[in-house]
Amino acid sequence: KESLEIEEDETLRHLQLNGFHVIVTNLQFIRPVLKVVEPFENVRFATPDDCVSVSKLAKKEFRYNRFHSDPLIENATASRIKEEWSKNYFLGKRGNWMIVAEERNQIKGFLLLIDHQEQNKLIIDLIAVASDCRGKGIAGKMINFAVQESLKAQSPIMVNTQISNLAAISFYHKHGFRLVSAAYSLHYHIGTNL
């Protein structure tokens, strides 16, 4: 069983005294290089035609993140942030690869990856599965496709999730990821009081 202690240090106390607020606790997981050899049905690299479907999915499905957890950011705004975040892949502004999963010719999941060359790691930047398709193994298939088909197949994969997202934590453990660190995510809002 893994455990990780997070200690408040002088810097955190200083930031909080100066208007920063802890919004979430992020957990970082790493999956070592694991050989994957399996056929992938209905999982592929994204194309420009997938932009609208992916951005709609991103807008609808994210709930456990620092934007939705911040009481000073409206849920509609937080959802738009995730929508725009996913669109940035198609605009060439974020990420190296995007993988999508389809069911009956509809995008039901996506995985956005960043190639972190300095650390020789793949980073899962965003991952989402439609709520009506969860529990079908779609997220695991997309990750395994990334391992097998990306140009960084020999690299470990890193991902962050919030401590409140128990389903994600369980998923990452089940798929070979191990907890390596934890950190607070803080926000500072100008002209507001929490």
Side-chain angles (χ1 to χ4, degrees), residues 2 26-65 81-162 165-181:
E2 294 174 297
N26 289 311
L27 302 177
Q28 185 175 84
F29 294 85
I30 290 184
R31 177 175 146 172
V33 177
L34 299 173
K35 187 172 174 76
V36 176
V37 180
E38 63 178 270
F40 294 101
E41 293 180 18
N42 305 317
V43 179
R44 59 174 173 77
F45 286 109
T47 67
D49 292 340
D50 298 323
C51 181
V52 171
S53 297
V54 165
S55 62
K56 283 182 183 177
L57 191 64
K59 183 177 182 179
K60 180 181 176 190
E61 298 300 339
F62 287 101
R63 293 294 170 261
Y64 295 100
N65 59 73
I81 290 169
K82 291 298 187 177
E83 177 185 26
E84 295 301 318
W85 192 323
S86 69
K87 283 181 181 177
N88 280 332
Y89 170 77
F90 296 97
L91 297 172
K93 295 180 179 180
R94 188 164 185 104
N96 299 92
W97 301 281
M98 182 179 282
I99 293 156
V100 295
E102 296 175 303
E103 188 174 276
R104 293 186 293 280
N105 295 319
Q106 291 185 328
I107 302 293
K108 293 296 186 173
F110 74 89
L111 169 63
L112 176 59
L113 295 160
I114 294 175
D115 178 4
H116 195 296
Q117 294 179 353
E118 295 82 29
Q119 294 183 12
N120 192 34
K121 290 184 178 82
L122 279 176
I123 298 172
I124 295 176
D125 192 41
L126 288 178
I127 183 169
V129 174
S131 53
D132 63 335
C133 288
R134 292 186 186 147
K136 295 182 176 181
I138 290 174
K141 286 180 184 177
M142 291 190 298
I143 289 171
N144 287 336
F145 181 92
V147 170
Q148 188 167 304
E149 302 296 330
S150 79
L151 299 176
K152 299 288 287 183
Q154 299 304 310
S155 300
I157 301 178
M158 184 170 60
V159 67
N160 289 306
T161 195
Q162 289 68 42
N165 194 345
L166 299 179
I169 293 167
S170 176
F171 168 82
Y172 292 126
H173 275 288
K174 179 180 173 185
H175 287 86
F177 289 80
R178 61 180 170 71
L179 181 63
V180 293
S181 69

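Source: prediction; values computed, not measured. All heavy atoms count here, side chains included; hydrogens, waters and symmetry mates do not.
- Residues Lys108 and Lys136 form no side-chain contact, since every pair of their non-hydrogen atoms from C-beta on lies 4.5 Å or further apart.
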Inset, instruction - Report the C-alpha separation of Lys121 and Asp115 in whole Å, then their side-chain angles, then the decisive distance to 0.1 Å, and conclude whether the salt bridge (Lys or Arg N to Asp or Glu O under 4.0 Å) test is met. - result: CA-CA 6 Å; Lys121 290 184 178 82; Asp115 178 4; over 6 Å; no
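- Closest approach of Gly109 to Met142, counting heavy atoms only: C-SD, 3.6 Å.
- Taking the ring centroids of His173 and Phe177, they lie at or beyond the 6.0 Å cut-off.
- Between the CE atom in Met158 and the NE2 atom in His116 there is a gap of 6.0 Å [rounded to 0.5 Å].
- Ile107 pairs with exactly one of Val52, Val100, Asp49 by the side-chain contact (heavy atoms from CB on, under 4.5 Å) rule, that one being Val100.
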Inset, instruction - Go through the steps for Trp85 and Asp125 under the test side-chain hydrogen bond (donor to acceptor under 3.5 Å, both in side chains), then give the verdict. - result: CA-CA 10 Å; Trp85 192 323; Asp125 192 41; 2.8 Å; yes
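- The side-chain heavy atoms of Val147 and Arg31, taken from C-beta on, include a pair separated by under 4.5 Å.
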Inset, instruction - For side-chain contact (heavy atoms from CB on, under 4.5 Å), just list the numbers for Leu179 and Gln28, CA-CA rounded to whole Å, side-chain angles, deciding distance to a tenth of an Å, and then say yes or no. - result: CA-CA 6 Å; Leu179 181 63; Gln28 185 175 84; 5.8 Å; no
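- For the atom pair CG (Asn42) and CD (Gln106), the distance works out to 12.5 Å, reported to the nearest 0.5 Å.
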Inset, instruction - Take Glu41 and Lys141 through the test salt bridge (Lys or Arg N to Asp or Glu O under 4.0 Å) and record every step on the way to the result. - result: CA-CA 9 Å; Glu41 293 180 18; Lys141 286 180 184 177; over 6 Å; no
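- Put simply, CZ on Phe45 and CG on Leu111 are 10.0 Å apart, with the number rounded to the nearest 0.5 Å.
- The OG atom of Ser55 lies 14.0 Å from the NZ atom of Lys82; values are rounded to the nearest 0.5 Å.
- Considering all non-hydrogen atoms of both residues, Ile30 and Pro156 come closest at CG2-CB, 4.0 Å.
- For the pair Phe62/Ile81, no side-chain contact is recorded, criterion being any heavy-atom separation below 4.5 Å from C-beta on.
- Here the side chains of Lys87 and Lys93 are not in contact, with every heavy-atom distance at 4.5 Å or above.
- Environment of NZ in Lys59: sparse, with no more than 12 heavy atoms of neighbouring residues, nucleotides or ligands closer than 6.0 Å.
- Between Gly176 and Pro32, the closest heavy-atom pair is O-CD, 3.6 Å.
- Between the Ser170 side chain and the Leu166 main chain, no donor and acceptor come within less than 3.5 Å of each other.
- Results of the side-chain contact (heavy atoms from CB on, under 4.5 Å) test with Ile143 over Val159, Leu113, Ile127, Ile138 single out Ile127 as the only residue that passes.
- No side-chain donor-acceptor contact under 3.5 Å links Arg94 to the backbone of Ser86.
- In this structure, the side chains of Phe90 and Asp50 come closer than 4.5 Å at one or more pairs of heavy atoms.
- To the nearest 0.5 Å, atoms CD (Glu61) and CD (Glu83) are separated by 13.0 Å.
- Between Asn65 and Gln162, the side chains place no donor N or O within less than 3.5 Å of an acceptor N or O (distance only, hydrogens not considered).
- Rounding to the nearest 0.5 Å places OH of Tyr64 at 10.0 Å from OG1 of Thr161.
- Considering Ile157, Ile169, Val180, Asn160 in turn, Ile169 is the only one that fulfils the side-chain contact (heavy atoms from CB on, under 4.5 Å) rule with Phe29.
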Inset, instruction - Begin from the C-alpha positions of Trp97 and Leu122 and carry the test side-chain contact (heavy atoms from CB on, under 4.5 Å) through to its verdict. - result: CA-CA 10 Å; Trp97 301 281; Leu122 279 176; 3.2 Å; yes
